[in-house]
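Input: a single structure, listed below in structure tokens.
What you see below is based on every heavy atom in this structure, not just the backbone, and it leaves out hydrogens, waters and symmetry mates.
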Amino acid sequence: MYSPYDVLGVSKKADAAEVKAAYTRLAAEYYPAHDAASAKKMNELDDAFDELMKKLKPQKKCGENAAPQFPDVRRLISENRLADAEELLDGVCGQSRGAEWNYLKSLILFKRGFLKEACLYIERALDKDADNGEFADLYETLNPSKKKLPGFLSGIARKLRRC
């Protein structure tokens, strides 16, 4: 049975710092992947690291009534009520401003014609959730000339940026 703890060689009581250290040590050993075995091992390391970091990531809360109303924001954006959508977004406390918040802020700025500012927010959204296709589509719309790194390299770069 697959155990991310075994793959990274850490105990089940390991904290985030131990997991990051183990991942970094092992990734240095198998990167760059010149053969299929090394590539497979890197994929296992990546999956194990992602799984453990999700478990160890602290849940941030700003208060009982601080739940963002993103469905409402999306509806307002689709109705082109950008000022109302932005007012709702700006009312969300700082700790709750995750990937989707940054994406929606970017979308509002894009629709208003503030492309430079929109690029900053969509990059923040992708830093927090690089695998989200909706975010990637907006990024490509805003940055049509920028090329992405090949999958293997972008995965490593993404993981190291998160740490």
Side-chain angles (χ1 to χ4, degrees), residues 1-71 73-74 89-90 92-107 109-110 117-163:
M1 187 166 126
Y2 169 82
S3 169
Y5 297 99
D6 293 339
V7 172
L8 292 174
V10 296
S11 75
K12 292 188 180 191
K13 294 180 181 181
D15 63 6
E18 292 174 89
V19 171
K20 287 178 188 177
Y23 173 79
T24 303
R25 180 179 42 80
L26 291 168
E29 204 174 302
Y30 292 98
Y31 177 81
H34 292 293
D35 57 12
S38 293
K40 182 179 177 188
K41 185 64 176 178
M42 276 305 301
N43 285 335
E44 288 176 11
L45 292 172
D46 290 342
D47 292 343
F49 179 77
D50 289 342
E51 189 174 332
L52 291 179
M53 291 309 288
K54 283 179 187 175
K55 287 181 184 179
L56 296 171
K57 187 175 184 180
Q59 298 299 317
K60 296 179 181 177
K61 294 183 181 178
C62 295
E64 294 176 25
N65 298 324
Q69 299 181 2
F70 294 145
V73 173
R74 287 176 179 271
L89 274 182
D90 290 343
V92 174
C93 71
Q95 291 179 332
S96 294
R97 294 181 178 185
E100 186 180 11
W101 186 94
N102 281 283
Y103 164 75
L104 293 171
K105 185 74 170 184
S106 177
L107 189 57
L109 291 168
F110 171 64
E117 293 85 355
C119 286
L120 294 173
Y121 282 101
I122 196 60
E123 287 173 358
R124 288 180 193 161
L126 283 168
D127 280 344
K128 295 173 185 282
D129 186 1
D131 299 325
N132 188 305
E134 186 179 31
F135 301 173
D137 290 343
L138 182 57
Y139 178 82
E140 289 177 16
T141 299
L142 292 169
N143 300 292
S145 63
K146 289 192 178 179
K147 300 288 183 199
K148 292 183 179 178
L149 290 171
F152 180 74
L153 291 176
S154 67
I156 290 175
R158 184 174 62 244
K159 285 180 191 326
L160 293 176
R161 275 196 314 258
R162 287 183 192 161
C163 298

Looking at side-chain heavy atoms only, is the closest gap between Ile122 and Asn102 below 4.5 Å? no
Less than 4.5 Å apart, side chain to side chain, heavy atoms only: is that true for Val19 and Asp15? no
Looking at every heavy atom in both Leu89 and Arg97, which two are closest together, and how far apart are they? O-NH2, 4.1 Å
For residues Asn132 and Leu126, determine if any side-chain heavy atom of one lies less than 4.5 Å from a side-chain heavy atom of the other. no
Modelled atom types, side-chain donor and acceptor of Asp46 and Tyr23, under 3.5 Å: yes
Looking at Leu8 and Leu45, what are the two nearest heavy atoms and their distance? CD2-CD2, 3.7 Å
Output the distance between atom CG (Leu52) and atom OG (Ser3), rounded to the nearest 0.5 Å. 7.5 Å
Just how far is it from atom OH of Tyr139 to atom SG of Cys119, taken to the nearest 0.5 Å? 7.5 Å
Is Glu100 paired with Lys105 through a side-chain N to carboxylate O contact shorter than 4.0 Å? no
Between atom CG of Asp129 and atom CD of Glu134, what is the distance when rounded to the nearest 0.5 Å? 10.0 Å
At what distance, to the nearest 0.5 angstrom, does CG of Leu142 lie from CD of Glu117? 11.0 Å
Does some side-chain heavy atom of Trp101 sit less than 4.5 Å from a side-chain heavy atom of Val73? no
Separation of Glu51 CD from Met53 CE (nearest 0.5 Å): 12.5 Å
Look at the side chain of Ser106 and the backbone N and O of Tyr121, then say whether any donor-acceptor pair between them is shorter than 3.5 Å. no
Distance, nearest 0.5 Å, that separates CZ of Phe110 from CG of Leu104: 14.0 Å
Between Ala125 and Ala99 the two heavy atoms that sit nearest each other are CB-O, 3.3 Å
